[in-house]
Structures are given as structure tokens and as C-alpha cells.
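The basis for the numbers below is simple: all heavy atoms, side chains too, and nothing from hydrogens, waters or symmetry mates. Numbered from 1 within each chain, the chains take letters A, B, ... in sequence-line order.
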Amino acid sequence: MRKYALQNAVEYDGAGQAGSVLGRLLGERADLRGRARDLKELVESEVAAANQLAASEGVEAAHAALAATNPEALQRQKQQKRVGLKELPEAIRGEVVLRFAPNPNGPLTLGHARGVAINSEYAKMYDGKVVLRFDDTDTKVKPPLPEAYDWIEAQYEWLAGRPADIIIRASERMPVYLAHAEQMLSGDFGYVCRCTASDFKQLRDAREVCPCRTRSVEENLADWQAMNDGEIAEGGAVVRVKTDLELPNPALRDWPALRIQHTAHPIVGKAHNVWPLLDFQSAIEDHEQGVTHIVRGKDLMDSTRKQTLLYEHFGWTYPQTLYWGRVKIHEFGGFSTSGMRAAIENGEYSGWDDPRLPTLAALRRRGFDAAALRAFWIDLGLTQKDISISMQTIESFNSSEIDARCERRSFVRGPRLLSLDASGCSGGPGTSISNARHPDGAVEGSRKWELGDGAILIEAADADDTGGSLRLKDYADVDIDAGTSVARVESWSRSDRRAIVHWLPQIMARKARLTRVIGHDLVVEEGMLEGFELVDGAIVQLERVGFARIESLPDDGPVELLFLHG
RNA sequence: GCUCGUGUAGUGUAGUUCGGUCCAUCAUGACGGACUCUCGAUCCGUCGACCCGGGUUCAAAUCCCGGCACGAGCACCA
């Protein structure tokens with residue numbers, strides 16, 4: 001007890017508190033809890049004594065007293081933030097099967113990245129597998145984009161750092177789903193409903209039995225056959241799963257499992273007239289693949305409940321299910337894959353990798369690193385909160401990932417030409433200088449700059465016609481007199497606290513255009529880029545500007561740069 | 001409206017299962033400083049939170065009750 005009293009007194013500079021001390025004591029000695037009331041007085045006097053000691057002889061005395069009796073108490077452990085994802089419930093190492101199931105109606109977006117990152121990370125944690133499943137059983141409302149399958153496979157691999165363990169296209173697994181549907185009808189836990197959608201909704205909301213529900217298995221099977229043979233028009237019939245109509249959530253009552261679609265499927269064509277809806281297809285396939293854990297958005301909570309009802313009919317056990325909440329990125333408003341597809345088709349964007357789009361393709365093109373994206377999503381973790389985050393956060397993850405390997409270059413925007421006058425200052429580095437490729441030496445070597453005839457470029461924004469004093473980074477302190485374009489060298493070494501600016505000898509400079517995304521616009525800044533060892537596709541850090549990717553490096557004409565972030 | 005879910009600093013996040021070592025973690029951000037040299041990195045410092053109200057208890061972010069706020073689902077989309 002004295003130990004805690006002293007500890008508390010030391011930690012709070014002689015202002016230990018009895019309540020806190022009692023808490024620590026009882027936390028460690030569960031056996032004393034029943035006598036908490038009796039202990040209280042004792043603790044209070046002990047704390048008072050400890051505080052008194054600290055007050056009269058200084059905190060050091062209390063510290064020393066504690067060190068003499070209980071040195072270990074000096075090192076109190078502060079609580080720590082858990083790292084990585086929280087444990088998966090009922091997970092057995094080596095037997096975990098997860099899945100990531102996008103609709104291939106376009107390439108992956110930043111939102112999908114969460115699914116890839118979380119699922120692949122869990123697979124890594126438990127030495128499990130991830131099934132990449134294309135949920136492409138809608139031929140009409142959100143039809144698949146044939147190219148998207150390959151894109152998604154590649155993007156999954158890029159982001160997860162390894163390919164998916166199993167890849168499945170739902171559209172190729174139709175026989176499995178149709179067989180299960182038939183089994184459901186035969187088992188009389190499903191039925192063919194001929195009501196219109198709105199009629200059914202009315203009955204459902206009133207908890208009333210639809211007339212189709214009570215028909216015989218034979219009648220259902222006959223209608224099922226007709227549906228599959230294409231004898232019933234789209235919307236003319238739907239297969240429903242029988243549920244308790246007293247279910248409090250109307251969305252779950254006799255939910256639809258399969259519907260008729262006569263539109264050709266972009267991949268498998270007109271092979272089927274009846275297609276399963278997500279809840280049915282996904283439920284069956286999860287069971288077929290032995291999925292043990294489903295991690296999905298909480299907008300799919302009702303899906304879990306619907307599918308659980310179906311699993312009960314089949315006598316299966318539903319996988320463990322975890323949810324994440326909705327994520328909004330400040331910088332990208334409400335983008336949907338189908339919305340982007342339309343905007344690209346009408347020319348609003350140049351393609352799926354248009355830097356203004358929140359697609360993985362665009363992010364990758366700009367220079368975002370897969371490991372950084374993964375780290376970001378894992379740090380967010382799995383919470384059901386609906387959150388709104390800023391790209392700034394993602395950018396900071398990216399900076400810490402790429403900074404060490406990005407070489408520095410000088411890019412002078414809106415250049416102003418000055419001529420260097422070193423006549424008043426002897427010494428100096430001579431006809432060339434060399435700067436580090438990376439200031440912390442993470443990338444070894446240097447960049448050699450020929451100085452030429454003393455014609456140099458600085459950003460006009462750094463020195464207007466009124467002149468000023470500047471330090472040309474890693475070179476010289478200069479003064480520019482008002483109305484002139486002469487930079488007079490005052491000192492080679494840093495002599496005062498004048499602003500440090502980046503600059504370029506004119507003979508090292510080559511024309512470049514830096515494109516950056518500002519809101520919904522692309523803004524181009526023209527300038528002169530340091531022409532030292534430029535590599536097509538490389539990401540460089542432009543001093544005092546930020547990271548940018550070299551998009552093209554033509555033999556003549558300006559270098560194209562795409563801004564990544566600051 | 002019905003059903004479900006969620007509320008911890010500006011933004012995210014740990015801790016909530018099982019009340020106590022929590023005057024609450026970490027990151028990001030903002031601000032200030034250091035650094036023989038970027039608006040980058042690094043280092044140091046500062047700022048800042050348990051949705052509200054009751055209750056139980058020696059002790060509540062944690063348990064109970066009641067509010068409030070926000071979000072999602074209620075498609076023959078995924």
C-alpha cells in the first residue's frame with residue numbers, strides 16, 4: 001500500500017490521490033476487494049503521509065523511499081495501443097478462409113482497398129486463404145465490364161502483395177446455384193412467386209401470406225422449369241425463400257433469391273434465363289468454398305440475417321461475420337463505380353486512371369504505394385463507425401513509406417532568370433557543385449550540377465522586382481537589388497537566417513509541366529526541372545514542392561510530371 | 001415510419017468482453033522550437049476527447065435505465 005501511495009505521489013509531484021491508489025491496490029489484489037470500505041481510511045492516511053513526505057523533503061525523497069523498497073514500482077507501464085487487426089473470433093490457424101467479392105462492373109476503388117487489405121491481412125495472420133469471387137450475376141442493372149476481371153485480379157495482387165488463393169466467377173458457377181434453388185423448391189422451403197414487386201411488398205408489410213406461397217412443390221417445380229426455359233417474361237416470377245412472416249424486420253420476410261433476366265451476360269452470354277441475387281449466390285458460394293469468416297460492410301447486415309435463414313433451411317452453419325462502417329474521403333465526394341463509368345464514357349474523365357478519380361489505378365499512377373495503402377486500412381481497423389477521413393492521412397502513410405527512396409530534384413515554377421555576380425566574394429565551389437540525391441543518405445550518391453555562365457533560375461514568387469536576400473540552397477547567400485536581375489553573392493556559407501530557396505543553373509534546366517489535382521480540376525504549373533538523371537515513371541521529391549511522378553520524358557518537349565502530394 | 005447499428009481530442013484509433021495499475025493509447029493535424037541548408041525527414045515541446053441525464057458501486061469510458069445525435073437497410077442492384 002505504501003508502495004502505491006509513494007508511486008502515486010511521485011508520479012503526480014506530491015499530489016497523490018487516495019481514490020487512484022485504492023484502485024491500483026485493488027486492481028492487483030483481488031483478494032482485498034471485499035474489504036474495500038475498511039481499506040479506504042488506511043489508504044487515505046498513507047497517501048497523506050506520502051504527499052507530506054514529498055512536500056516537506058521533495059519529490060526526490062519520495063522517489064528514493066520508493067526505490068529503496070519497491071524499485072519495480074518506478075517503472076509503471078503505460079497502456080499501449082494495440083497494433084494490427086483485432087483477433088478473428090473462433091479462428092483456427094491454417095483453417096481460416098476469407099473472401100473478397102467485388103462486382104466486376106469496373107476496376108477497384110479506394111473503398112475496395114479496405115476489403116483487400118483487411119482480408120489479405122487476416123489471411124496472413126492466420127495462415128489462411130482468400131477467395132477472390134466475382135459477383136457477376138446481374139446482367140442488367142450493374143452489368144459486368146469484361147476487362148474488369150483481369151484488372152481486379154492484378155490490382156488485388158498489387159495491393160495484397162500476393163495473388164488471391166482461389167479465384168471464382170459466379171457466372172461460371174450457375175449450375176451450382178440453380179441446383180441449390182431446385183433443392184430449395186423440392187424441400188419446400190422456397191417457392192416461385194408470381195406477384196408483382198409492389199403487390200408483394202404490400203403483403204409483406206402487412207405480414208400476410210402471398211397466394212403463391214401455399215402452392216405445392218409440383219406446381220413450384222413446374223413454374224421453375226418454365227422460368228428456366230424462358231417461358232416467363234422478366235419480372236413475371238421470382239423464387240423466394242420461406243421465412244417466418246412475423247420477423248420484425250420486413251426486409252427479411254420471404255426474401256427473393258433468384259429472378260429472371262433475359263439480357264445476355266457479357267461473359268457467358270444467354271446461357272441462363274434465371275439468375276441468382278447476391279444474397280442467394282453469395283450464401284451458396286460461401287458454403288461451397290468453406291468460407292469461415294466474412295468481413296463486409298455493415299450495409300450488408302441484413303444480408304447476413306437473410307443468409308443465416310437460408311443456412312438454417314439447408315442445415316449449414318453460417319460463417320463468423322464482422323463488419324466495417326461506411327468510409328467517406330473528404331476529397332472525393334460520392335463516387336460510385338457505375339457513376340464513374342458513365343462519366344468516363346461521356347468524356348468527363350480521361351479514363352479509369354484519371355488522377356481525379358478515387359480508383360486504385362489512379363492512385364497507383366500518381367505514386368501511391370501498396371504497402372502504404374495497406375498500412376492505412378489496417379490502422380483504421382475494423383470498426384462499425386461511419387467515418388470521414390482526409391486524403392492527408394493516407395498521404396502521410398504514403399510519405400513515410402516512399403520518402404526514403406525518392407530522390408530529390410529541383411523544380412522551379414514560374415522561373416525568373418538571374419545572373420550571378422560572385423565578384424565581391426572570393427572562394428566558392430568553382431564551376432560545379434554536387435548535392436545529395438537524398439538528404440539523409442537513404443539513397444546514396446550525389447547530383448552534380450554544372451554552373452555554366454552564372455545564369456540561374458529561381459521561382460519568381462521567391463523574389464519579385466523589389467529584390468531581397470535569399471539563400472540558394474546548398475550554394476550561396478545572395479542579395480538581389482530592386483529593379484535588377486543580378487544576384488550578388490554575399491557569402492558562400494550560410495551567414496544569416498535568410499530564407500532558403502531552391503534554384504537551378506540554367507544549363508541544368510529543362511522544361512517541365514506539373515499537373516496537379518485541385519478539387520475537380522487539373523491544374524498545370526509550368527516550370528524548369530533539374531535535368532539530372534531523370535527516369536521515366538520514377539517518383540521524385542521536388543524540393544519545397546512535394547512528391548511527383550515522372551509521367552513522360554520526351555526527347556524534345558517538356559517533361560510531364562504528375563503531382564502526388566506534399 | 002419500421003428494422004438494425006454506432007457514439008472516446010479537429011480527423012482517425014486503443015482501451016469497453018470480465019468495472020480498479022485509465023487524472024485515458026497511438027497516429028494524423030495545428031502551433032512553437034531544434035537541425036551548417038527543402039514547405040520533406042528526424043528530434044523536442046504544446047494543444048486537444050470518454051454524446052447527455054440518472055442509477056448501481058469504495059470505484060464507471062467500461063455495468064443498468066432513459067434520452068439525444070448520426071448512419072445503414074427496408075430493390076426482381078452489388
Visitor: If a pair means Watson-Crick or G-U wobble with both distances below 3.5 Å, what does RNA chain B look like in dot-bracket form, with | marking bases paired to a different strand?
Guide: (((((((..(((.......[.....)))((((((.......))))))...(((((..]....))))))))))))....

Visitor: Of the listed nucleotides (B/C37, B/U38, B/U25), which one gets closest to any side-chain atom of A/Lys81?
Guide: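 That would be B/U25.
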
Visitor: Answer with base, sugar-phosphate or nothing: what part of the nucleic acid does A/Ser303 contact at a heavy-atom distance below 4.0 Å?
Guide: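 Touches nothing.
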
Visitor: How long is the gap from CG on A/Leu185 to OH on A/Tyr191, to the nearest 0.5 Å?
Guide: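 That separation rounds to 11.5 Å.
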
Visitor: Measure distances between side-chain N and O atoms of A/Gln541 and base N and O atoms of B/U38, and say whether any donor-acceptor pair falls under 3.5 Å.
Guide: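 Side chain to base: pair found, below 3.5 Å.
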
Visitor: Salt bridge check: are A/Asp135 and A/Arg99 linked by an N-O gap of less than 4.0 Å?
Guide: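 Salt bridge absent between A/Asp135 and A/Arg99.
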
Visitor: With RNA chain B as reference, determine whether A/Lys142 or A/His330 sits nearer its 5' end, using the nearest nucleotide of each.
Guide: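 First, find each residue's nearest nucleotide; the 5'-ward one identifies A/His330.
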
Visitor: For RNA chain B, whose closest nucleotide is more 5', that of A/Ser390 or that of A/Arg194?
Guide: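 Nearest nucleotide further toward 5': that of A/Ser390.
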
Visitor: Once you apply a heavy-atom cut-off of 4.0 Å, does A/Pro439 come out as touching a base, just sugar-phosphate, or nothing?
Guide: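 It contacts base atoms.
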
Visitor: For the side chain of A/Gln384, starting at C-beta, report the closest nucleotide among B/G71, B/A78, B/U6.
Guide: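 Within the option list, the nearest is B/U6.
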
Visitor: Under 4.0 Å, heavy atoms only, any strand: does A/Gly325 hit a base, just the sugar-phosphate, or nothing?
Guide: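 Nothing: the residue A/Gly325, judged by heavy atoms under 4.0 Å, touches no strand.
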
Visitor: Pick one: which of A/Arg204, A/Arg207, A/Arg253 meets salt bridge (Lys or Arg N to Asp or Glu O under 4.0 Å) with A/Glu246?
Guide: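 The salt bridge (Lys or Arg N to Asp or Glu O under 4.0 Å) with A/Glu246 is passed solely by A/Arg207 among A/Arg204, A/Arg207, A/Arg253.
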
Visitor: Among B/A14, B/A78, B/C4, find the nucleotide with the atom closest to the side chain of A/Met301.
Guide: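 From the listed options, B/C4 comes nearest.
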
Visitor: Using 0.5 Å steps for rounding, measure from the NE2 atom of A/His438 to the CZ atom of A/Arg447.
Guide: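 Going from the NE2 atom of A/His438 to the CZ atom of A/Arg447 covers 11.0 Å.
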
Visitor: Is the centre of the A/Phe368 ring less than 6.0 Å from the centre of the A/His565 ring?
Guide: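 Between A/Phe368 and A/His565, the centre distance is under 6.0 Å.
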
Visitor: Which part of the nucleic acid, if any, lies within reach of A/Asp474 when heavy atoms closer than 4.0 Å are counted: base, sugar-phosphate only, or nothing?
Guide: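 Touches a base.
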
Visitor: With heavy atoms under 4.0 Å as the rule, sort A/Lys201 into base, sugar-phosphate or nothing.
Guide: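 Touches sugar-phosphate only.
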
Visitor: Indicate, yes or no, whether a donor-acceptor pair under 3.5 Å links the base of B/C37 to the side chain of A/Arg471.
Guide: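 Yes, the side chain and the base share a sub-3.5 Å donor-acceptor pair.
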
Visitor: Look at the side chain of A/Asp440 against the base of B/G40 and say whether a donor-acceptor pair falls under 3.5 Å; ignore hydrogens and angles.
Guide: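 Answer yes: a donor N or O sits under 3.5 Å from an acceptor.
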
Visitor: Assign A/Ser400 to base, sugar-phosphate, or nothing according to its heavy-atom contacts below 4.0 angstrom with the strands shown.
Guide: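 Nothing: the residue A/Ser400, judged by heavy atoms under 4.0 Å, touches no strand.
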
Visitor: Under 4.0 Å between any heavy atoms, over every strand shown, what does A/Glu234 touch: base, sugar-phosphate, or nothing? Just pick one.
Guide: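 No contact.
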
Visitor: Does any residue of residues 246-260 of chain A have a heavy atom under 4.0 Å from RNA chain B, and if so, which ones, in number order?
Guide: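 Here the set is A/Pro248, A/Asn249, A/Pro250, A/Ala251, A/Pro256, A/Arg259.
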
Visitor: Closest approach to the side chain of A/Ile389, judged atom by atom: which nucleotide of B/U11, B/A41, B/A78 is it?
Guide: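 My answer, after comparing the listed nucleotides, is B/U11.
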
Visitor: Classify the nucleic acid contact of A/Ile387 as base, sugar-phosphate or nothing, counting any heavy atom under 4.0 Å across all strands shown.
Guide: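 Touches sugar-phosphate only.
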
Visitor: Considering only B/C74, B/C77, B/G40, which nucleotide approaches the side chain of A/Arg408 most closely?
Guide: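 The answer is B/G40.
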
Visitor: Heavy atoms under 4.0 Å, any strand shown: does A/Ser388 hit a base, just sugar-phosphate, or nothing?
Guide: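 Answer is sugar-phosphate: A/Ser388 comes under 4.0 Å of backbone atoms only.
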
